[in-house]
There are 2 protein chains.
Amino acid sequence: MHSQPLRSGESDRTLFQTMLHELARTYQAFANYSDSYVRQLGLTPPQFDVIITLGNTSGLSMNRLGEQTLVTKGTLTGIIDRLEQKSLVRRMVPQGNRRSFTVVLTPHGEELFREVYPAYVAHLGERFQNLSPTELETIRLALTKLRELF
Amino acid sequence: MHSQPLRSGESDRTLFQTMLHELARTYQAFANYSDSYVRQLGLTPPQFDVIITLGNTSGLSMNRLGEQTLVTKGTLTGIIDRLEQKSLVRRMVPQGNRRSFTVVLTPHGEELFREVYPAYVAHLGERFQNLSPTELETIRLALTKLRELF
DNA sequence: TATTGTTATACTCTATAACTATA
DNA sequence: TATAGTTATAGAGTATAACAATA
């Protein structure tokens, strides 16, 4: 029952709040646009995330894959199961360590990655055509600064 | 730097791809940090999104609520149902239009919003303490520019 | 004992599409 | 007919925690 109102300017949004709101809504819009494309490929967004994270690597352990995609291990097991059913990845047991797997793209998965990732990037790129490289770089720097905070 | 607009398949692709990757991972990190806080309140992220979207308004129709949160109507019905079970929102039938509802915060919901939103902002704000107003503004402008593309 | 990954449970979100009621 | 919202269905992700196997 005890509510402590904002001290300064109850109805004023701070610059910080506006930025937060902008961050959330910006990504929502991006994800909305991106996800609808990804689903046309028959993949869910987390599945696609795994595919492009594995692309151009020689495989990652469940542990590291979870770290990079920020998916917890229990969830990741299910995602990898479904990708395995689609023959896009496989669990490779490395010699000398039977406690950990290496998740790698199958040839089929590699093929999908090579075909689909450039198309995905091009699809998103349509929205960015009018940005100059300078603007892109400014945005990237801002995002990097943001990201480093978390 | 190049002054050419983006053309997919060329060397500018790297900068663009890097930016995209940065956007996705930045938001992932943000969402991860934000969501774990939100769940401590007993709310899911979409439920919290609805609460803060309704805060400081006199209510929104399902339609407009869906537009702002980018949640499709079928999904929104379930989210509102669960918030109603928690007595945080209610469906108000406006006079003269029985086809559309107005979703409003209940007093309990208002109280939650007033207590929890500032705390949420403060929680996130800890990560931003070392940014100057100029840096915040630069980031906000970059995000706005990004958002306008979608 | 600590680490890696799986399993179990319960719930929520999601897409998609058919459906009801109102305008 | 068009619009606003609900319902139905099936699938997937999520948190959480207990569990097994290996190191």
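Naming: A, B, ... by sequence-line order, numbering from 1 per chain.
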J.: Round to a whole Å and report the spacing from CZ of A:Phe101 to C1' of C:dT4.
T.: 9 Å

J.: Is there a donor and acceptor pair, one atom on the side chain of A:Arg99 and one on the base of C:dT3, closer than 3.5 Å?
T.: yes

J.: Establish, from distance only, whether the side-chain atoms of A:Gln85 and A:Arg82 form a donor-acceptor pair under 3.5 Å.
T.: no

J.: Quick one: B:Asn97 CG to C:dA21 P, roughly how many Å, whole number?
T.: 16 Å

J.: Scan B:Leu76, B:Thr77, B:Leu65, B:Ile80 and name whichever one has a side-chain contact (heavy atoms from CB on, under 4.5 Å) with B:Val71.
T.: B:Leu76

J.: Kindly say whether A:Val121 contributes a backbone atom to a donor-acceptor pair with the side chain of B:Gln17 at under 3.5 angstrom?
T.: no

J.: At a heavy-atom distance below 4.0 Å, what parts of residues 62-87 of chain A sit against DNA chain C?
T.: A:Met62, A:Asn63, A:Lys73, A:Gly74, A:Thr77

J.: Considering residues at least two apart in sequence or located in another chain, which fulfil the ring pair (Phe, Tyr, Trp, His ring centres under 6.0 Å) criterion with A:Phe101?
T.: none

J.: Where the side chain of B:Thr106 meets the backbone of B:Leu88, is there a donor-acceptor pair that is under 3.5 Å apart?
T.: yes

J.: Any side-chain heavy atom of B:Arg39 within less than 4.5 Å of one from B:Thr44?
T.: yes

J.: Would you please name every residue forming a ring pair (Phe, Tyr, Trp, His ring centres under 6.0 Å) with B:Phe113, sequence neighbours left out?
T.: B:Tyr117

J.: Can you find a heavy atom in the side chain of A:Leu43 that is under 4.5 Å from one in the side chain of A:Leu112?
T.: yes

J.: Could you identify which residues of residues 35-54 of chain B place a heavy atom less than 4.0 Å from some atom of DNA chain C, listed by residue number, or say none?
T.: B:Thr44, B:Pro46, B:Gln47

J.: Ring centroids only, cut at 6.0 angstrom: are A:Tyr27 and B:Phe30 within range, meaning strictly under it?
T.: no

J.: State whether A:Arg91 places a side-chain N or O below 4.0 Å from either non-bridging phosphate oxygen (OP1 or OP2) of C:dT6.
T.: yes

J.: Between the axis at one end of the helix from C:dT1-D:dA23 to C:dA23-D:dT1 and the axis at the other (five pairs apiece), what's the angle to 10 degrees?
T.: 0°

J.: In residues 143-150 of chain A, what donor-acceptor pairs under 3.5 Å come from side-chain atoms, sequence neighbours left out?
T.:
from, atom 1, to, atom 2, distance (Å)
A:Thr144, OG1, A:Arg140, O, 2.9
A:Lys145, NZ, B:Glu135, OE2, 2.7
A:Arg147, NH1, B:Glu22, OE2, 3.2

